[in-house]
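Notes follow once the structure below has been shown.
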Amino acid sequence: MDKAYSPEIHDQKWQKLWDDKQIANPDVSHALHPSPLNEKFVLMMPPPNVTGVLHQGHALMLTLEDTLTRWERMRGKKALYLPGTDHASIAVQMQVVKHLASKKIEYKSLGREGFLKECWKWIEEYRERIFSQIRALGVSCDWSRVKFTMDEDLNRAVNHAFVQLYKKGSIYRAQKLVNWCPKSLTVLSDLEVIFEEREGSIWHIRYPLKDDPSQGIIVATTRPETMLGDTAVAVHPDDERYKKLIGKKLLLPFTNREIPVLADSFVDQSFGSGAVKITPAHDFADFDVGQRHGLALINIFTPDAKIVAGLPAEAASFAGLDRFEARKKITALLEDRGLLVKEEKHKNRVGMSERGNVPVEPYLSYQWFCKMDGMAKAVVEDLQKEEFRFVPHEFHNQFMRWMENIRDWCVSRQLWWGHAIPAYHCEKCAHVEVSEEVVSKCPKCSSSMTRDTDVLDTWFSSALWPFSTLGWPEKTQDMKEFYPTQVLETGFDILFFWVARMLMMGKEFTGVVPFKNVYMHPLVRDEDGQKMSKTKGNVIDPLEIIQSVGADSLRMTLNALCVQGRDLRLSVERIEGYRNFINKIWNASKFVMMENSQVSLKDLSSEMKEDLPTQWILGQLERCAYQVNRSWEEFRMQEASEAIYHFFWNDFCDWFLEISKTKRKEYQPVLVHVLTESLKLLHPLCPHVSEELWHELGSKGTDEFLALQKFPEGKNLDEISGFLFLKDWIGALRTLRNESRVPLSKVIPVYVELTSAEEKLLKQNLPWVESLSKAKFVFAQASEAPHSIVTLSSFEKGRTITLKVPMSELVNTEEEIQRIQKDLSNLNQYVSGLKSKLSNDSFVSRAPAKVVETEKAKLLEVEEKIKKLDENLKQLESL
RNA sequence: AGUCGUUUAGCUCAGUUGGUUAGAGCAUCUCCCUUACAAGGAGAGGGUCUGGGGUUCGAAUCCCUAAACGACUACCA
């Protein structure tokens, strides 16, 4: 065998074999690995952007999902992990536009059809990249069922869903104030607006009274340029300052529009000047005020946020000015005319368009909306009935709050790349027909119809993902067999974008919520807790890691660092630590395979079956497997990987392998058994190295896979106490040796006086205890010569065991005295605590008898230890 | 502003329903190339569990309060 595991050789070998034999195809795996369990495990991969590149967020998601899937598959469930990609409407469109621009092509010049061709070309070029990167991580998803949200069948599902919702009255078209991106020229949903704290200004502007221009009212605004669209000024009805102005007319500068002063209790008297300019067409709050008071909506912007032409009076000259240029010009003019009272610094939250990276403009437009409240209610009821749950539970409340305040979803986008809305507009009578079939003639007036030019929000097709991928709306075999799914695993950043909408659409169209568990994984950050970003240069590229240390190391690390309710801090050092663990697995296996490994537990002699270390390690294996199963059942990823790490490294390698060296051949069946079972436990975490070693160990053919072996169930056992005592003895002797600087080459004699039970335990295990402690036990009283002592607990309650080592064997008396003094001071502190506890009447009378008993036994034992150490110390000090 | 979360060893974090002298990994220090592994082994040091109150025989754990950090939500023009 090689000196170390070589990921560059083995990773790809197994990835290819798993793919070739389709172990991830549930029909194949279930046939190969039949199980009495008639259960399924279904998990839909959250589809990454089809043109995307693998980042740590993906790596974490895929690792966790694959770990759970491999585990459930090995447990005998019919496991489907379905991969796919998302068409990422706006993101991909922006990429392609940019790409064309780099070739000096204005995308609009290609026309819609021509542009879509370019999009498909772009996708064909990049779609395999993310798939190969997913494979590189060793993900066992079923490639025979891979889906893309723009596949024909998924497009049919989208159209079907849209039409159904329209027929029901859940989808409607309306003119509303929406979040408009002036750069990408499309509407954005509320969720796509990212708020940023910005240093800005607030301007106090005087609007003159119509009847007496020397008088006026001062309004405060952060957006002076929108004053061109003002249709009122609002004050609080109780505001003494302005009461007498209510109902009066103002003359709006630049436009000479007459606007009223009106009263509305939404105004906060203490903020700004207490008077608010109302621009119903360009501010969400103002829109509502406008609705209440019947104000006109005056749009002053073109779609790319320039001042429109045709505004009255002086405002007409602003036409074509960008919104920020207009702001400068207007504030300058106001100042010239003495209307600008003051400009103050002001922090405000600006809504930014994620894709365009420009401030979003509240903009009036016709859009398609989907009613949400009814669907949300149904999902909330299911959550309350515990039809599904959130892990970690914190997201439960966050989700509920959002669902209870949900607003209608704007589903249309003014883009070309995406699912075209299946609606047709009559060119003559303006009739709208929504249909899955292409409609070319108006059913009302027989004139020709044209298709709606909008596409659907990317998340609309994603919302159908758990069932559109299974063939819905057709009643397919997959749909019957695999829906609903068990787990939805994703990041919390798309809880509302995606998870909530899947739940609602799933409930709406299939009658059941699409998954039982929503597991939200943490955010991956760098070692300083910073978000990873290219501009910061702190990105740990998963592909580079896979190349340098292998996929298994990365998978182990991500599992080991993944705890609930906390971000995950990743660093190269941590990954190297788990690379070392992979290496440890490799080397331990190498050790086991030095002997004939074609044996099993059946070959164990009856004598060896009674052997304490054998019983101990088999018990530890059961305990570990039990822990791992329980942890994964509750998505406690760190706990599971830690249990395996600890068992394999500390129990198996540090103790059992060392013990086995004393009777190598006799122990071989145990070694083989424990290693084999460990590889099964390890497989979901590090599939490549475990698969490789499992084949090495058993000379298995390429038709058999560790991936399809039965996962150990485990038992909830206690650690064998006899073994624990001996471990303690060895530990104590090792400490003594280290601190007294006795070289390892020197075997030290240890004098012990034991009860018969203690002596029996020790004698039965003498060879390995002596080998690991490099000591020689002498079952006799020590001579009167000075000796050092170590005190230990016995399995007989309250009893102290004393190990005596002749001082002549130890090198340094001073250090030995110090060691004992330190022990004593610890014990004395402990004993005084115990004493005060036990002399406390209320403790003795109120604490459970069991607790009091153990405290008493502890006291007895510790006092005994102190007594012996004291005697010993005196003897040493007299030297 | 509101809601929620976090605060435990130098660092990153565990710590289930209150009950052994609060644990792990990494880092540090000491010793050791013992034929699976120096990417290793054996030891050691290191903590007023953020501060302050309370409940209790007993609190890292439950309650109140303060602070720091973080996330989410919101129409403060």
Side-chain angles (χ1 to χ4, degrees), chain A residues 1 3-4 195 202 219-223 226 234 266-268 270-279 283-289 346 348-349 392 394-395 397-398 401-402 405 492-493 495-496 523 527-529 549 560-561 563 565-571 573-574 576-594 630 634 636 638-639 642 645-646 650 653-654 657-658 661 730-731 734-739 741-745 771-774 819 826-827 829-831 833-834 837 840-848 850-852 854-855 857-858 862:
Chain A
M1 272 177 76
K3 193 162 163 44
F195 286 93
I202 186 159
V219 299
T221 179
T222 54
R223 297 206 58 194
T226 64
F266 102 102
V267 178
D268 178 353
S270 63
F271 186 86
S273 63
V276 188
K277 66 192 258 321
I278 302 298
T279 324
D283 184 282
F284 290 101
D286 293 3
F287 181 86
D288 292 341
V289 176
H346 179 70
N348 58 344
R349 277 161 46 90
E394 285 103 87
F395 293 103
N397 292 336
Q398 200 177 319
R401 209 174 46 214
W402 191 73
N405 301 308
F492 57 82
D493 50 332
L495 178 60
F496 304 133
L523 195 69
E527 54 196 308
D528 302 318
V549 297
L561 298 184
V563 296
R566 236 187 235 253
D567 292 341
L568 183 160
R569 295 192 181 192
L570 190 65
S571 69
E573 289 74 35
R574 298 302 295 255
E576 281 170 355
Y578 288 99
R579 185 269 320 265
N580 295 353
F581 179 61
I582 303 292
N583 190 44
K584 191 77 180 173
I585 301 169
W586 185 260
N587 281 303
S589 305
K590 213 160 74 179
F591 173 78
V592 172
M593 284 179 234
M594 280 160 49
R630 299 299 83 76
E634 291 303 317
R636 301 165 78 103
Q638 187 201 44
E639 204 173 86
E642 195 188 274
Y645 184 97
H646 180 265
N650 302 120
C653 294
D654 291 346
L657 283 193
E658 292 306 321
K661 288 175 183 173
I730 293 164
R734 282 170 168 175
T735 304
L736 176 73
R737 171 189 296 277
N738 256 300
E739 301 213 328
R741 317 206 182 275
V742 183
L744 213 63
S745 53
S771 159
L772 266 59
S773 58
K774 288 274 189 301
R819 189 184 66 80
N826 281 344
L827 290 173
Q829 215 175 342
Y830 182 38
V831 98
L834 281 175
K837 209 176 195 178
N840 184 345
D841 283 343
S842 44
F843 170 72
V844 179
S845 59
R846 297 204 194 188
K850 223 179 168 182
V851 175
V852 179
T854 42
E855 297 295 302
K858 275 188 276 181
V862 177

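Per chain, numbering begins at 1; letters A, B, ... match sequence-line order. Only heavy atoms go into these numbers, but all of them, side chains included; no hydrogens, no water, no symmetry mates.
The CG atom of Leu744(A) sits 9 Å away from the C1' atom of G41(B) (whole-angstrom rounding). If you measure from atom CZ of Phe195(A) to atom C1' of A71(B), you get 16 Å, rounded to the nearest angstrom. A straight line from CE of Met594(A) to C1' of U35(B) spans 7 Å, rounded to a whole angstrom. The distance from atom CG of Asp493(A) to atom C1' of U73(B) is 16 Å, rounded to the nearest whole Å. Whole-Å rounding puts the Arg223(A) CZ to A77(B) P distance at 12 Å. Between the P atom of A71(B) and the CH2 atom of Trp402(A) lies a distance of 20 Å, rounded to the nearest Å. Taking atom CD1 of residue Ile585(A) and atom C1' of nucleotide A39(B), one finds them 13 Å apart after rounding to whole Å.
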Is there a side chain to side chain contact (heavy atoms under 4.5 Å, CB included) between Val549(A) and Tyr578(A)? Walk through the geometry before answering. CA-CA 10 Å; Val549(A) 297; Tyr578(A) 288 99; over 6 Å; no

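Helical stems in RNA chain B, defined as runs of 3 or more consecutive Watson-Crick or G-U wobble pairs with both donor-acceptor distances under 3.5 Å, are listed by first residue as B:1-7 with B:67-73, B:10-13 with B:23-26, B:28-32 with B:40-44, B:50-54 with B:62-66.
Across all strands shown, Asn840(A) has heavy atoms under 4.0 Å from sugar-phosphate atoms exclusively, and none from any base. Nucleic acid contact class of Pro848(A) (heavy atoms, under 4.0 Å, all strands): base. Using a 4.0 Å heavy-atom distance criterion, Glu855(A) is classed as making no nucleic acid contact. Base engagement by Tyr830(A) is indicated by at least one non-hydrogen atom pair under 4.0 Å involving a base atom. Glu658(A) comes within 4.0 angstrom of a base, heavy atoms only. Within 4.0 Å (heavy atoms only), Asp567(A) reaches sugar-phosphate atoms of the nucleic acid but no base atom. Residue-level contact check: Leu561(A) touches neither bases nor backbone, having no heavy atom under 4.0 Å from any strand. In this structure, Leu827(A) reaches the bases: a heavy-atom distance under 4.0 Å links it to at least one base atom across the strands shown. At the heavy-atom level, Thr854(A) lies nowhere under 4.0 Å from the strands shown. Residue-level contact check: Gln398(A) touches the backbone only, with heavy atoms under 4.0 Å from sugar-phosphate atoms and none from bases. Looking at heavy-atom distances under 4.0 Å, Lys3(A) makes contact with sugar-phosphate atoms alone, never a base. Residue contacts shown for Arg819(A) are absent, as no nucleic acid heavy atom lies under 4.0 Å away. Lys584(A) comes within contact range of at least one nucleobase, with a heavy-atom separation under 4.0 Å. Among the atoms of the strands shown, only primed sugar atoms or phosphate atoms (P, OP1, OP2) are found under 4.0 Å from some heavy atom of Arg741(A).
Other residues, nucleotides and ligands place more than 12 heavy atoms under 6.0 Å from the CZ atom of Arg223(A).
Comparing G19(B), C13(B), C31(B) against the side chain of Val851(A) picks out G19(B) as the nearest. Listed candidates were U12(B), G41(B), A77(B). Nearest to the side chain of Asp654(A) is G41(B). In the set U73(B), A36(B), G43(B), A36(B) carries the atom at the smallest distance from any side-chain atom of Asn587(A).
Aromatic ring pairs are classed by plane angle as parallel below 30°, tilted from 30° to 60° and perpendicular above 60°; the pair Phe496(A) and Trp402(A) is parallel.
Rounded to whole Å, the separation between the C1' atoms of C33(B) and C69(B) comes to 47 Å.
Looking only at distances, a side-chain donor or acceptor of Arg737(A) sits under 3.5 Å from a matching main-chain atom of Pro743(A).
The CG atom of Leu561(A) sits 7.5 Å away from the OG atom of Ser571(A) when rounded to the nearest 0.5 Å.
The base of A42(B) is not paired with the side chain of Arg734(A) by any donor and acceptor separated by under 3.5 Å.
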